[in-house]
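Values below: every heavy atom of this structure, side chains too, minus hydrogens, waters and symmetry copies. Note that the structure is a prediction, hence the values are computed from the model and not measured.
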Amino acid sequence: MDTLFFIFSKVVQFCIEPLNWVIVFVALSLLFLSLRKPHLCKRFLLFALADLLLVGWLPTSEVFLRVLEDSVPKVQLAQMSEADFGGIIILGGAIEGGEIAIDRGEVSIYSSAERVTKAFELIRKYPDLPFIFTGFSGRLSPVGMSEADAFKQLVSEQGLPDKNVHYENQSRNTYENVILMKPMILELGAKSAKEADVPPKPWLVITSASHMYRSLKIFQNKGIAVIPVPVDYQTGNRLRWARFDLEDGVQNWNKAMHELIGILAYWITGKI
């Protein structure tokens with residue numbers, strides 16, 4: 001069932017990406033042109049133009065993305081100590097492992113690079129805490145190394161302490177991240193609590209700000225206490241009313257629609 005859900009989510013992801021609809025509208029306009037129906041041809045060309053304008057004018061996407069990013073407030077870690085945390089969780093989705101990493105011998109990081117840089121910062125700051133990186137691949141047909149293996153390579157290249165490192169390299173989405181990590185979190189938390197003779201402590205969880213709401217809901221649904229560390233913010237406090245940028249707009253719309261559809265799908269299927 002989870003595999004069918006994963007495949008269906010990828011189909012939906014393709015359908016909601018705004019630039020894909022530009023291709024559809026242009027293809028339909030060419031079809032109607034060949035059928036000698038110029039009025040329908042013009043109509044779908046206007047749809048394609050409207051799509052581009054909607055995507056490129058940044059306030060249209062930022063208004064939704066900012067709501068998602070502000071839905072989980074930042075925690076002031078500076079006011080807390082290492083004794084307050086059970087460990088560190090880094091959710092995948094920012095690393096390109098796969099065939100390219102094998103062919104080129106280098107691990108690439110997506111635009112969500114702050115997930116990785118924040119993880120490195122906290123690992124250096126709290127070297128005695130256990131940390132878990134979770135993620136295999138979000139692709140339908142993954143090739144090459146997993147995200148977890150790619151992160152392991154980065155940890156080695158950065159010379160970070162790895163005595164408390166743990167990897168989960170089978171999950172394909174956020175729900176599977178949590179499900180497959182849960183036994184590891186419970187085992188490590190119970191061991192730490194037993195040694196210190198204290199109750200289990202919440203874990204820090206690092207992911208993109210727009211993705212944090214859905215992630216927290218899954219952790220809560222599975223009874224895992226976490227402290228959010230949102231990163232990778234794409235919006236500020238004010239909307240950029242005069243800004244038109246097709247590249248940024250596409251990325252914003254993809255992030256916003258991916259999360260909104262994901263929240264709805266997870267709610268319908270009882271995952272949150």
Original post:
For atom CZ of Arg43, is the number of surrounding heavy atoms from other residues, nucleotides or ligands below 6.0 Å larger than 12?
Top reply: no
Original post:
Are any of the side-chain nitrogens in Asp128 or Lys163 under 4.0 Å away from the carboxylate oxygens of its partner?
Top reply: yes
Original post:
About how many Å separate CD1 of Ile90 and OH of Tyr167, when rounded to the nearest 0.5 Å?
Top reply: 8.5 Å
Original post:
Out of curiosity, Leu31 CG to Lys37 NZ, how far, rounded to the nearest 0.5 Å?
Top reply: 9.0 Å
Original post:
With side chains defined as the heavy atoms from C-beta onward, is the minimum distance between Trp203 and Met181 less than 4.5 Å?
Top reply: no
Original post:
How about Lys255 and Asp232: do any of their side-chain heavy atoms sit closer than 4.5 Å?
Top reply: yes
Original post:
Cut-off 3.5 Å, side chains only: do Ser210 and Glu259 have a donor facing an acceptor?
Top reply: no
Subject >> Student check: side-chain heavy atoms of Met212 and Val205 closer than 4.5 Å >> reply: yes
Original post:
Near Phe25 CZ, under 6.0 Å, is it more than 12 heavy atoms from other residues, nucleotides or ligands?
Top reply: yes
Original post:
Hey, are Glu121 and Lys118 close enough for a salt bridge, meaning a charged N less than 4.0 Å from a carboxylate O?
Top reply: yes
Original post:
Is the CD atom of Glu247 crowded by more than 12 outside heavy atoms at less than 6.0 Å?
Top reply: no
Original post:
Roughly how far apart are Phe133 CZ and Ile89 CD1, rounded to 0.5 Å?
Top reply: 12.5 Å
Subject >> Beyond-backbone contact of Trp21 with Phe47, side-chain heavy atoms, under 4.5 angstrom >> reply: no
**OP:** Give me the ring orientation class for Phe44 and Phe32: parallel if the planes are under 30° apart, tilted from 30 to 60°, perpendicular past 60°.
**Re:** parallel
Original post:
Would you say the side-chain atoms of Glu168 pair up with the backbone N or O of Asn177, donor to acceptor, closer than 3.5 Å?
Top reply: no
Subject >> Validation row: Val165, Lys152 side chains within 4.5 angstrom (heavy atoms) >> reply: no
Subject >> Pairwise distance CG(Leu260) to CZ(Arg214) - rounded to 0.5 angstrom >> reply: 10.0 Å
Subject >> Spacing of Leu68 atom CG and Gln234 atom CD [to the nearest 0.5 Å] >> reply: 12.0 Å
**OP:** First locate atom CG of Leu180, then atom CD1 of Ile132, and finally report the distance between them rounded to the nearest 0.5 Å.
**Re:** 11.0 Å
